[in-house]
Amino acid sequence: MRMNEAADHYPGLMVSVDDDQIRLEREFEQAVRAASDLAVRVAFSVVRQREDAEDIAQEAFARAYVRFRELREPARFRGWIVRVAWRLAIDRWRADRRRQAREQVVGESAAPGATAEELAAERQRSARLWQAIDELPEKLRLVIVLCAVQGHDVQEVARLLEIPEGTVKSRLFLARKGLAERLTCLANDSAKP
Amino acid sequence: MSCERFREAITDHASGALIDEAAGRHLAACDPCARAFEQRQQLLAEVDDELRGALAIVASPDFSARVSRAVRTVPPSPKPVLHWWMAAAAAVALVAAGVFLTFTAGRTVRPEQSAAAPRTSSQPPSVSTPAPRAAAASPVAAEHVAPTGRAHPARQVVNRPRGLEVIVSPAQARAIARLKELASRGVQESEAPESMLVKPPVAELVIQPLRVADLSVPDLDAGSGSGVEQQNPVKESFR
């Protein structure tokens with residue numbers, strides 16, 4: 001039990017409260033609320049499991065808490081969280097690569113009332129897309145995911161990754177080009193008897 | 001043939017790259033290339049939609065609370081401490097600054113000392129004679145007070161004209177500085193208020209005329225006994 005909580009529970013208890021620490025924890029809670037969706041989405045783009053993504057995001061925030069004094073600036077905090085969540089997710093994904101039971105994303109995007117055939121086709125298309133994304137180099141992959149999450153705000157993505165905007169644009173172009181080529185190949189392969 | 005030539009430029013354009021003028025003209029005129037371009041654009045639009053839809057998830061409502069609970073097991077963010085490398089860097093910087101200042105101070109003093117080297121190098125400060133008051137405290141000498149970087153701490157060096165160096169006591173140096181201040185204000189020493197004048201404590205030999213009345217011969221004076229003052233021949237001779 002922390003000092004300020006102890007004071008709440010035992011009104012007569014005299015405690016010395018570190019004001020700076022309390023202020024720091026409040027700032028941290030605000031930062032978590034502001035960046036939680038972003039961290040979960042970044043992790044989800046890799047592991048494609050909501051529970052795993054939230055676990056990863058939680059671990060990233062726990063690491064951020066340890067060095068939050070250095071990360072008090074909101075922009076810096078968001079960028080740091082994105083990079084750590086991405087790295088943790090990649091590590092988890094590599095560890096679980098042999099385990100192929102991944103949640104399929106199509107369940108959430110399929111139109112209600114779709115037939116079984118439509119659902120199967122949608123699932124196959126989605127599987128191809130994520131396979132193509134997984135085959136991209138990590139740098140291109142992170143950029144295309146962040147662009148999708150941030151609504152193609154190149155400036156914001158550059159700020160999050162701490163790289164120049166031109167680098168984001170070139171990586172985005174290469175990622176889109178690679179995805180298109182890979183998806184075309186996968187579609188041609190599946191069309192073959 | 002021209003379709004093959006422009007294919008890459010057109011597909012790059014569909015992925016977001018700029019297109020040159022020739023390829024743009026071909027794209028506008030060639031139906032198969034225009035169709036390929038539209039297909040590529042449609043494919044990428046689907047990719048964007050799929051990614052946007054898949055990544056539109058939000059954290060669970062209790063996610064922040066879970067994070068707060070989780071971080072309670074983590075030691076709080078430590079206050080900034082002085083790491084060993086910071087202390088080492090500070091120590092190195094301090095030593096470097098000290099060496100630099102010492103070297104710089106030595107270099108600024110040396111030229112003045114070298115100008116009067118024949119006189120001062122052979123004359124240690126402890127045995128040097130303090131300058132006469134008139135010479136040391138004159139405005140001319142006061143104009144030539146030199147900063148003393150390496151001189152004896154209790155003494156200061158005064159450069160007089162023609163490179164003569166005189167070592168004075170701190171009190172004399174203060175008096176010289178005071179006179180210099182007066183000179184800078186255009187005030188003569190005789191016109192200065194008494195509070196502005198500090199007489200340097202120079203040992204002086206005061207010569208006064210000797211008066212015979214100050215002399216006494218105890219033996220002769222004590223031996224009179226009769227109460228009648230006798231004439232002392234020695235005193236008389238001095239009178």
Side-chain angles (χ1 to χ4, degrees), chain A residues 1-2 18 20-21 24-25 28-29 32-33 36-42 44-45 48 50-51 53-54 57-59 61-71 105-106 108-109 125-126 129-130 132-133 144-145 147-149 151-152 169 172-181 183-184 187, chain B residues 4 6-20 23 32-33 35-83 85-86:
Chain A
M1 184 178 294
R2 296 187 175 192
D18 187 349
D20 185 51
Q21 186 62 31
L24 200 72
E25 290 185 9
F28 179 74
E29 286 170 8
V32 169
R33 278 196 292 273
S36 57
D37 286 348
L38 180 61
V40 170
R41 286 171 185 173
V42 166
F44 184 82
S45 72
R48 257 102 72 195
R50 174 188 283 274
E51 291 77 16
E54 290 195 351
Q58 183 176 313
E59 189 177 343
F61 282 120
R63 292 189 183 191
Y65 179 73
V66 175
R67 35 184 314 196
F68 187 62
R69 281 184 196 277
E70 306 163 30
L71 302 168
V105 187
V106 285
E108 296 176 5
S109 59
R125 193 178 63 84
S126 177
L129 170 65
W130 286 105
I133 290 176
I144 200 166
V145 164
C147 283
V149 168
H152 288 272
K169 285 178 184 171
L172 180 62
F173 164 72
L174 291 173
R176 287 166 65 84
K177 186 179 175 187
L179 268 184
E181 287 171 359
L183 283 171
T184 306
Chain B
E4 289 292 323
F6 292 119
R7 178 169 295 166
E8 188 170 357
I10 290 170
T11 54
D12 285 354
H13 183 48
S15 302
L18 298 174
I19 190 167
D20 61 17
C33 286
R35 267 200 304 278
F37 176 75
E38 285 171 10
Q39 282 175 356
R40 177 62 67 96
Q41 272 198 323
Q42 189 180 354
L43 178 65
L44 289 172
E46 285 175 7
V47 167
D48 288 341
D49 287 345
E50 176 72 24
L51 274 175
R52 201 176 301 119
L55 299 177
I57 62 166
V58 293
S60 304
D62 65 336
F63 180 74
S64 296
R66 276 170 46 198
V67 170
S68 295
R69 278 197 302 275
V71 299
R72 287 181 186 183
T73 61
V74 177
S77 181
K79 287 185 177 178
V81 292
L82 187 65
H83 294 289
W85 56 269
M86 290 181 190

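Each chain gets a letter, A, B and so on, in the order the sequences are listed, and its residues count up from 1.
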> Is chain B contacted by the side chain of A:Val42, its backbone, both, or neither, given a heavy-atom distance below 4.5 Å?
Replying inline: neither

> Using non-hydrogen atoms only, which part of A:Ala57 is less than 4.5 Å away from chain B: side chain, backbone, both, or neither?
Replying inline: both

>> Quick check on A:Glu29 against chain B: is it the side chain, the backbone, both or neither that has a heavy atom closer than 4.5 Å?
In response: side chain

> Quick one: what part of A:Leu174 sits under 4.5 Å from any heavy atom of chain B, side chain, backbone, both or neither?
Replying inline: neither

> Going by heavy atoms in the side chains, are B:Val71 and A:Val32 under 4.5 Å from each other?
Replying inline: no

> Given a strict heavy-atom distance threshold of 4.5 Å, which part of B:Ser60 is in contact with chain A: side chain, backbone, both, or neither?
Replying inline: both

>> Quick one, A:Asp37 with B:Phe63, criterion side-chain contact (heavy atoms from CB on, under 4.5 Å). Give me CA distance, side-chain angles, the key distance, then yes/no.
In response: CA-CA 10 Å; A:Asp37 286 348; B:Phe63 180 74; over 6 Å; no

>> For a 4.5 angstrom cut-off between non-hydrogen side-chain atoms, does A:Glu54 reach A:Arg50?
In response: yes

> Where on B:Gln41 is there a heavy atom nearer than 4.5 Å to chain A: the side chain, the backbone, both, or neither?
Replying inline: neither

> Does A:Ala53 offer a backbone N or O that forms a donor-acceptor pair with the side chain of A:Arg41 under 3.5 Å?
Replying inline: no

> Relative to chain A, which of B:Val47, B:Asp49, B:Leu44 shows the most heavy atom pairs under 4.5 Å?
Replying inline: B:Leu44

> Parallel under 30°, tilted from 30 to 60°, perpendicular over 60°: which one fits the rings of A:Phe68 and A:Phe28?
Replying inline: perpendicular

> Does the side chain of B:Glu50 come within less than 4.5 Å of A:Trp130's, by heavy atoms?
Replying inline: yes

